[in-house]
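It should be emphasised that the depicted structure is a prediction, and the values quoted were computed from it without experimental measurement.
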Amino acid sequence: EQEEYERENIDWTKVEFEDNQVCLDLIEKRPMGILSLLDEQCNFPKATDLTFAQKMATELKDNPRYTRDKMDENVFHVNHFAGNVNYDTAGFLEKNRDTI
């Protein structure tokens, strides 16, 4: 759309887009993205939301877009293009196991 604005001489501020691939890989990459780790944990009957959070903390600690909360083990942060977003793992395994 930005090229169209330029062609039509529309007064606007150009938006610079950041490459978000590192963040996408953090979430989607196999075998060590958040979603694949969640699927893996769902295969273990004794896995809990806490073991999922601990697995992420171990496997994703070197990813610059991931941080573990210092106060709550179940909380992690993803630094998206728009800023830091907090997630609480409570209910993640149950929701992921739901086949509906």
Side-chain angles (χ1 to χ4, degrees):
E1 285 186 28
Q2 294 187 78
E3 291 85 12
E4 187 174 332
Y5 291 166
E6 287 175 356
R7 282 193 306 273
E8 295 180 12
N9 294 321
I10 296 173
D11 187 27
W12 61 285
T13 302
K14 185 171 182 164
V15 177
E16 295 296 328
F17 293 98
E18 181 180 328
D19 183 359
N20 211 26
Q21 191 61 53
V22 174
C23 188
L24 294 173
D25 288 346
L26 169 66
I27 296 166
E28 299 179 336
K29 191 171 184 176
R30 296 207 175 265
M32 290 299 163
I34 291 171
L35 295 178
S36 61
L37 291 172
L38 177 60
D39 287 341
E40 175 189 77
Q41 287 292 293
C42 285
N43 290 325
F44 298 107
K46 292 186 179 182
T48 65
D49 295 326
L50 179 58
T51 62
F52 170 55
Q54 291 167 337
K55 181 74 172 181
M56 284 192 301
T58 301
E59 299 297 334
L60 303 175
K61 67 179 182 281
D62 294 329
N63 189 303
R65 298 289 187 160
Y66 170 88
T67 53
R68 187 174 190 181
D69 193 82
K70 291 174 179 35
M71 306 275 289
D72 186 342
E73 277 190 286
N74 285 308
V75 175
F76 66 97
H77 313 281
V78 176
N79 187 0
H80 295 275
F81 69 94
N84 221 21
V85 179
N86 307 327
Y87 297 91
D88 189 326
T89 60
F92 269 45
L93 269 69
E94 180 183 345
K95 290 174 188 171
N96 197 57
R97 287 179 177 139
D98 188 357
T99 57
I100 292 179

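Using modelled atom types, no side-chain atom of R65 and backbone atom of V78 make a donor-acceptor pair closer than 3.5 Å. D49 places a side-chain N or O within 3.5 Å of a backbone atom of L93 that can act as its donor or acceptor partner.
Scanning all heavy atoms of the two residues, the minimum distance from Q41 to F52 falls at OE1-N, 3.6 Å. When all heavy atoms are compared, the tightest approach of P31 to S36 is O-OG, 2.9 Å.
If you run side chain to side chain contact (heavy atoms under 4.5 Å, CB included) between C23 and each of E18, H80, E28, only H80 comes through. Results of the side chain to side chain contact (heavy atoms under 4.5 Å, CB included) test with L26 over N20, N79, L35, I34 single out I34 as the only residue that passes.
A distance of 12.0 Å separates CD of E73 from CG of D88, quoted to the nearest 0.5 Å. Once rounded to the nearest 0.5 Å, the distance linking CG of L50 with NZ of K55 reads 14.0 Å. Atom NZ of K61 and atom CE of M56 lie 14.0 Å apart (nearest 0.5 Å). A distance of 6.0 Å separates CE of M32 from CD of E40, quoted to the nearest 0.5 Å. Note: T89 OG1 to Q54 CD = 9.5 Å, rounded to the nearest 0.5 Å. Once rounded to the nearest 0.5 Å, the distance linking CG of N74 with CZ of F92 reads 10.0 Å.
Both Y66 and V85 sit in one connected hydrophobic cluster of ILVMFWY residues. Membership requires side-chain heavy atoms under 4.5 Å apart, directly or through other members. Clustering ILVMFWY residues whenever any of their side-chain heavy atoms sit less than 4.5 angstrom apart, transitively, puts V75 in a cluster other than the one holding L38.
Contact of the R97 side chain with the E94 side chain is not registered, since no non-hydrogen atoms from C-beta on lie closer than 4.5 Å.
Aromatic ring pairs are classed by plane angle as parallel below 30°, tilted from 30° to 60° and perpendicular above 60°; the pair F76 and Y87 is parallel.
Other residues, nucleotides and ligands contribute more than 12 heavy atoms inside 6.0 Å of the CD atom of Q2.
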